[in-house]
Amino acid sequence: MAAVEQCWLSAQWRPVSLTHVEYPAGDVYGQLLAYLSLGPVVILISFVTLIIFKRELHTISFLGGLVMNEGVNWLIKNIIREPRPCEGTHTTVTTEYGLPSSHSQFMWFFSVYSFLFLYLRMHQTNNARFLDLLWRHVLSLCLLTAACLVSYSRVYLMYHSWSQVTYGAVAGSILAIAWFAITQEILTPLFPRIASWPISEFFLIRDTSLIPNILWFEYTVTRSEAR
């Protein structure tokens, strides 16, 4: 009942510039959360930019997983058809259904997949084990914090209920684990063959899956070439 009353008594909603995300006018905290909820858009733009400049198969596969995750979210929403809380509060929503939250599902997919990649795919360098583990722990904490903040922002801004963002987090996490397993066990062994295709060579698509630590590899190669 309190939530319904809050929906009716809320102030006018103002969109973030050039986006469809709205926040209560005059609410600085809400405005900050509105910007944070744009995290999935920033991540997608970063992926496209990274693929254009790096053209690495695992990055392309990661993006493919994110697209698959969005497709599953759309499918579940249109099967369950649970309405958003405070219907009519926002006039710029892309879909009327709210279960599960696409923002929550996206961020938890990205965070859980990145966590698995950091700890299971990448290997530490021999001469900096402590620092290598430290930055992984710090980055994992940042990923978890970002996923929690985006999920919370969707509730605070009245786009979703707590149950909708929770189911989104669960769905995103499960799909991330499944896609990571598919990538490691099925797709990764195929990457060397895909990278040798004529079309892949034409577009300079490469496979770095056999390199234990790509960051260290690129660093040493760049230093060596610069000298």
Side-chain angles (χ1 to χ4, degrees), residues 1-47 63 65-115 137-177:
M1 187 69 179
V4 175
E5 291 176 358
Q6 186 180 12
C7 297
W8 286 104
L9 297 176
S10 58
Q12 283 192 326
W13 293 82
R14 177 177 300 173
V16 175
S17 300
L18 303 178
T19 73
H20 63 277
V21 180
E22 297 178 323
Y23 64 93
D27 186 353
V28 178
Y29 183 61
Q31 185 177 9
L32 176 61
L33 289 176
Y35 279 104
L36 287 175
S37 70
L38 294 174
V41 178
V42 175
I43 291 173
L44 285 175
I45 294 174
S46 301
F47 262 99
L63 178 61
L66 288 170
V67 174
M68 177 274 298
N69 178 64
E70 287 297 295
V72 171
N73 177 270
W74 179 88
L75 183 63
I76 296 175
K77 276 184 175 178
N78 284 272
I79 291 176
I80 300 178
R81 298 188 175 185
E82 179 177 294
R84 297 174 182 270
C86 309
E87 278 189 288
T89 302
H90 300 285
T91 58
T92 57
V93 291
T94 55
T95 175
E96 59 182 311
Y97 307 126
L99 180 68
S101 165
S102 58
H103 282 70
S104 176
Q105 186 171 325
F106 182 100
M107 290 302 300
W108 284 98
F109 181 100
F110 175 77
S111 298
V112 171
Y113 190 99
S114 299
F115 178 87
H137 296 334
V138 172
L139 184 56
S140 298
L141 182 61
C142 291
L143 289 169
L144 176 62
T145 302
C148 289
L149 285 175
V150 172
S151 299
Y152 171 70
S153 73
R154 304 306 288 175
V155 177
Y156 182 89
L157 297 174
M158 301 181 189
Y159 281 99
H160 294 283
S161 64
W162 278 112
S163 62
Q164 291 173 349
V165 298
T166 300
Y167 282 118
V170 172
S173 299
I174 293 174
L175 288 172
I177 295 172

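Just so you know, these numbers come straight off a predicted model, no measurement behind them.
- Side-chain contact between Ile174 and Val170 is present, with at least one heavy-atom pair separated by less than 4.5 Å.
- Distance check: Tyr167 OH to Trp162 CH2 gives 15.0 Å after rounding to the nearest 0.5 Å.
- Using a 4.5 Å heavy-atom cutoff, the side chains of Tyr113 and Trp108 are not in contact.
- One N or O on the side chain of Ser104 and one on the backbone of Ala169 form a donor-acceptor pair closer than 3.5 Å.
- Under the rule for a side chain to side chain donor-acceptor pair (under 3.5 Å), Ser114 has no partner lying at least two apart in sequence or in another chain.
- In plain terms, the two heavy atoms of Ser153 and Leu33 that are nearest each other are CB-O, 3.5 Å.
- Within 6.0 Å of CH2 on Trp74 lie no more than 12 heavy atoms contributed by other residues, nucleotides or ligands.
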> Which is it for Met68 and Phe109 under the side-chain contact (heavy atoms from CB on, under 4.5 Å) test, yes or no, and what are the steps along the way?
Replying inline: CA-CA 11 Å; Met68 177 274 298; Phe109 181 100; 4.2 Å; yes

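- Atom CD1 of Ile43 sits about 11.0 Å away from atom CG of Leu38, to the nearest 0.5 Å.
- The two atoms that bring Val21 and Ser37 nearest to each other are CG1-OG, 3.4 Å, heavy atoms only.
- In this structure, the separation between CG on Leu63 and CG on Asn69 is 11.5 Å, given to the nearest 0.5 Å.
- Separation of atoms CG (Leu157) and OH (Tyr29) is listed at 9.5 Å; rounding is to 0.5 Å.
- Contact annotation: the side chain of Met107 approaches that of Pro40 to within less than 4.5 Å [non-hydrogen atoms, C-beta and beyond].
- Looking only at distances, a side-chain donor or acceptor of Ser111 sits under 3.5 Å from a matching main-chain atom of Leu143.
- Gln105 and Pro100 get closest at one heavy-atom pair: OE1-CG, 3.3 Å.
- Closest approach of Pro85 to Tyr159, counting heavy atoms only: CD-O, 3.8 Å.
- Aromatic ring orientation, Phe106 versus Phe110: parallel (interplanar angle below 30°, classes split at 30° and 60°).
- To the nearest 0.5 Å, atom CG of residue Leu149 and atom CG of residue Leu36 are 6.0 Å apart.
- In this structure, CG in Leu99 is found 11.0 Å from CZ in Arg84, a value given to the nearest 0.5 Å.
- A donor-acceptor pair under 3.5 Å is formed between the side chain of Gln164 and the backbone N or O of Pro83.
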